Amino acid sequence: MFAALHIHSCPADLTREDILTRLSAVAADMTPRWERLTARTLVLDVSGLQRILGGPEAIAAAARALARERDLEAHLAVAPTWMAALVLASAGVEAIVAPCESALALAPLPVDALAAVPGVDLALVGAVRVRRLGGARNYRLSAGLGLIGGPDAATTPEPESSPADDAPIRMPTGRPWPDVLATLQRWGITTCGTLARLPAAQLQARLGERGLWLQRLSVGLDPRPLRVQPPEDDFSQSLALEWPIDGLEPLSFVLGRVLDPLCALLESRDRAAALVRLSLRLTDKQVHVREIELPVPVRDARVLRTLLLLDLEAHPPHAAIDGLTIAVDPVPGRIVQFSLLRKALPSDDQLAALQARLTALMGANRCGAPALVDSYRPGDVAIAPFVPSGTDQQEGGASALLSALGIAATREAGGARADAREPAREGWLDTAGYHVRRLRQPWPVVVVLGARRIPAAIRFGVRSRETAFRDGPVAQAAGPWRSSGAWWQPSTEVDGAWDRDEWDIALESGAAYRVFQDRKTGQWWVEGEID
Amino acid sequence: MPTTDVADGQAGWYSAGEAKQKRMSLPRSRAHLEGLLQARRLDGTLAGRVPATGVLSTGLPALDTTLGGGWPRGHVSEIVGPASSGRTRVLVSTLASATGRGDVAAWIDTVDRGDPAGAAAAGVRLSQVLWVRGMPLSPGVLALRPRRGDPDLTHTVVQRAIKAAHLVAQAGGFGVIALDLCDIPSWVLRQIPSSTWLRLHRAVEGRETSLVLLGAEPITRSAGGVSVRVQGRPRWEGETARSCRLAGMDCAMRVVSSRAAAGTTREVQVALAG
C-alpha cells in the first residue's frame, strides 16, 4: 500500500528548499520508506502502518494532518501501487483505492494526467515546441487537435525545474512525448481507461516503447520499485550501565565501547565529528552535558576518548554515572594530501589531542601559538590557535624543497627567510640582540637616583640569592624612553592607561634589567630581565 | 668463592680457575654487556655511540661550527648561563632557525617569561611555535622556600612544565622543544628525581626532535647531547649619557660536552646584535 502526497497550496514566502524540508519531515514522521519524486510530490510506503494508525483512511488523515501542521495543503491518495497513488494525487483526486482496483481508479483520468510522472512531458505548451520537435507534420497534427495553448501560451516560460525533479524514473527512448500524445488524441484516446484497453502489441508497433510504457502507467503498474530515501544517520550511541560508575578510569573503558561503533559508523559514511556532545545520566537523576568543539573533524575513537576524558577531568560530574549518550555533529571527512616537499608536521588529530592534554595540565588559554597584538603597550601578547599547517607558511616548489633540505643558496630560499623576518621591520619592535624575560605582573622596586636623575642603585626586596633579581649598584643606564597610551581609560584596569619612563640598566654584577617609573605615581617597577 | 656469571645473564657457580678463564675473555664479556645494555635501551651512556639522527642549527653560524652542525636531534641538550648572559637569546635564535626551516617548535615557558614580540623580532615564525605558558610566578614567590609540610608552588609549576615537555615529545613531529627553567631556584631542580629526566631523554630518543633546556646551572643532558655554557655582558652604544642605548650582548660560549664535535674548537665568541 502506497500513499502519494502532492502539495497544492503553501505559504507564498516559502522557498523551494523550505517546501522540500517540510515535505521530507512529513514523510519521515510517517515512515522511513519514502521517495521524493518532484519538488511537491512524494510517495510513501505505508504498508506497515495499518497496525499503528489503522486503515487507509486513518493513514491518509494522519498524513494530511502532519502536512497541515507544517502549513502545507496536500492532495493525498492511497493505492496498491505507488504509480497509481502518484497519478491520482497529482491529478487532485483524493482517493483510497482498494487492492486490484488501480486501473479502475485511473480509468476516468485524462491521458495527460500521466504527465505527473516525472520525465513524462505530455503538456504541450505551444507551437514553438511542436515546431522544434517534429516540424510541420507535428504542428499540423497538434494544431488540428487543438492541443496547443492559447496565444499567450507560446510566450509563457516553462517553469524552472531541477534535474533531480526530472529524472527519478528512467524513461524508454522513442518518439517525443507530445508526438505520442498527439497520436493518441488523433486516435480518440483521451482517458487512461481507453488507453489501457488498447492491444499492447499494436500499440508498441505504432508508438514504440514509449506507447507501451505509457499504457502500463495508465493501469497503475509501477515502472520500478520505490527507491527509499536513505535515512539520515543518527550519529549517536547510548549505553545504560548496570552499576553506577564513579571515577574516570572505569569510564574510559565505557567510552571506548560507545565510541568504537560510533566511529566505525562515521567511517562507513565518510563522515567525521565536528562536535561531540556527551550526556552523562547521573544517579541523582540529573544530566551532566559536555560539548567539545573539535578544531578539526575527527573520527578516531582513541582521540575522541582522550579528548572527552581530559574534558571530564576538568569538569567532572558531581555524582556517579548511570548511563551515557554520545552524539556527534557529522561533517564530511577530511581529505589530507601530504607533500614530499614539505616537512612532516604533526597530524591535526595528534595536535588536537596534545592541545587538549596541555590545556588540562596548564589551564585554559595557556597554550597555543603566540600572536602579536596591534598595540603599543609593552609586553602585550595574545594566544592564537596553534595550526602549523596554515597557509601562511605553505611554500611550494623549489623553495620548499631547498628549505626542507636546509639549503639557502638561492635567491628564493633567501627571500623566504627575509619574509619570515618581515614582522621585525614593522611597528615598534626592536631587533636588538637581546631578549627581555618579561614579568607578566611588574615587580615593585626601589631605585636610588644619582646625578641628573639617572638610576644609581636598585633594590628588589627579594631576600634570596637563588633568583635573577639581586640588589646592587647600577653600572650603566640608558634612558629614559617615554611610553604612554590608552589615556582615555582608567589606569586601574588591566588594559588601562599607561604613562611611564623606561630605562635599561646594568648592574655591576653583570645583570641587566628593564625598569620603568610610573609618571603618575612615581613608583618604580621592574618589567623584566634582559637576557 | 661464589660468583655470578653476568655475561651469560644466569646465576651460576664456578671455581677460581674458571674465574680466571672468564677474566681472559674480557673483551667478549664486554661485547656481551654492551649487547645486554642495548637490548634494554641503556646503551646511551656507552662511549663511542654517536647520534646519527641529524642536527638542528642554532641559528648562530659560529656556534654551529663548534657544535658540528648544531643541536643533535634525538637528544637532550642544555643552554646554561647566569642572568643576563644572553642564554635566552641563544634559545630564541634556535627557535628562529627551526621555524625558518619549516620545523614546528614548542616553547615550554615554565613561569611565563616569554616575549613573543622579541621572538618575532629575532625571526621566529610565531605561527609555527606552540607556546605553553606556565603559571607566572613573581620574584618574591620564587624566592620563597616553603617550610616542611607546606605546599611548594614552584615545585608544582616545574613538574607541570616537565610533564608538558614530555607530552609534546611523545606527540612527536616537533623539530625543537625548548624547556625554559631559568628562573627556577636550584634547590627546586635538585628535588626532581633523575628518573624524571631519564624519561624525558627516552621520549625524544630516536626522534627528529631536539630538546633544549635553558637554565642557570647544568640540569641534565642525554649522552649524545651537548651543554653550552654562556657567559655574556650587555653591549652599550653611544658616547654620551643621552645617546647611550643597549645594543646587544657579547657572549662567550663554551661547549661543555659534545661527542660529535670531539676535537673541534670548544669555545666561541658571539656578538648578538640586531
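For clarity, every value in this text was computed on a predicted model and none was experimentally measured. Letters A, B, ... are given to chains in the order of the sequence lines, protein chains preceding strands, and every chain is numbered from 1.
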- request: Give the member of A/C367, A/A512, A/G368, A/A506 that has the highest number of heavy-atom pairs under 4.5 Å with chain B.
  value: A/G368
message: Quick check on the structure: residues of residues 156-168 of chain B within a heavy-atom distance below 4.5 Å of chain A, by number.
response: B/R160, B/K163, B/A164, B/L167, B/V168
field: Smallest separation among heavy atoms of B/C244 and A/A478, with atom names
entry: O-CB, 3.3 Å
message: Please identify, among A/I383, A/L439, A/L507, the residue contributing the most non-hydrogen atom pairs under 4.5 Å to chain B.
response: A/L439
message: Would you say that B/V132 contacts A/L361 through its side chain, given a criterion of any heavy-atom pair below 4.5 Å between the two side chains?
response: no
Interatomic spacing from OH in A/Y513 to OG in B/S84 - rounded to 0.5 Å: 6.0 Å
query: If every non-hydrogen atom of A/R440 is compared with every non-hydrogen atom of B/R113, which pair is closest and at what distance?
result: NH2-C, 4.1 Å
- prompt: Roughly how far, to the nearest 0.5 Å, is the CD1 atom of A/I530 from the OG1 atom of B/T88?
  reply: 11.5 Å
query: Relative to chain A, which segment of B/L214 carries a heavy atom at a distance below 4.5 Å: side chain, backbone, both, or neither?
result: side chain
- request: Pick one of side chain, backbone, both or neither for A/A384, based on which atoms fall under 4.5 Å of a heavy atom in chain B.
  value: neither
- request: Using a cut-off of under 4.5 Å on heavy-atom pairs, state which of A/A371, A/S509, A/A369 scores highest against chain B.
  value: A/A369
Option in B/D109, B/D180, B/I184 with maximal non-hydrogen atom pairs under 4.5 Å from chain A: B/D180
message: On a heavy-atom basis, which atom in B/S127 and which in A/F386 lie closest, and how many Å separate them?
response: O-CE1, 3.7 Å
field: A/D531/B/R87 salt bridge by N-O under 4.0 Å criterion
entry: yes
- prompt: Which bit of A/L354 comes within less than 4.5 Å of chain B, counting heavy atoms only: side chain, backbone, both or neither?
  reply: side chain
query: Is it the side chain or the backbone of A/A477 that comes within 4.5 Å of chain B heavy atoms, both, or neither?
result: backbone
query: So, A/R366 side chain and B/G134 main chain: donor-acceptor pair closer than 3.5 Å or not?
result: yes
task: Please state whether the side chain, the backbone, both or neither of A/Q476 comes within less than 4.5 Å of a heavy atom of chain B.
output: both
message: Just so I understand: if I count every heavy-atom pair under 4.5 Å between each of B/G232, B/P116, B/S243, B/S85 and chain A, which residue has the most?
response: B/P116
Neighbours of chain B found in residues 449-456 of chain A - heavy atoms under 4.5 Å: A/R452, A/I454
message: Quick check on B/V92 against chain A: is it the side chain, the backbone, both or neither that has a heavy atom closer than 4.5 Å?
response: side chain
message: Using heavy-atom distances under 4.5 Å, tell me whether B/P234 contacts chain A through its side chain, its backbone, both, or neither.
response: side chain
A/G510 to B/R233 - nearest heavy-atom pair and separation: CA-NH1, 4.0 Å
message: Ignoring hydrogens, what is the shortest heavy-atom contact between B/V129 and A/P370? Give both atom names and the distance.
response: O-CD, 3.4 Å
message: Distance check, rounded to the nearest 0.5 Å: B/F174 atom CZ versus A/L351 atom CG?
response: 5.5 Å
- prompt: How long is the gap from CG on B/D112 to CZ on A/R437, to the nearest 0.5 Å?
  reply: 10.5 Å
Nearest-0.5 Å distance, CD1 of residue A/I505 to CG of residue B/L246: 11.5 Å
- request: Using a cut-off of under 4.5 Å on heavy-atom pairs, state which of B/S93, B/G81, B/G140 scores highest against chain A.
  value: B/G140
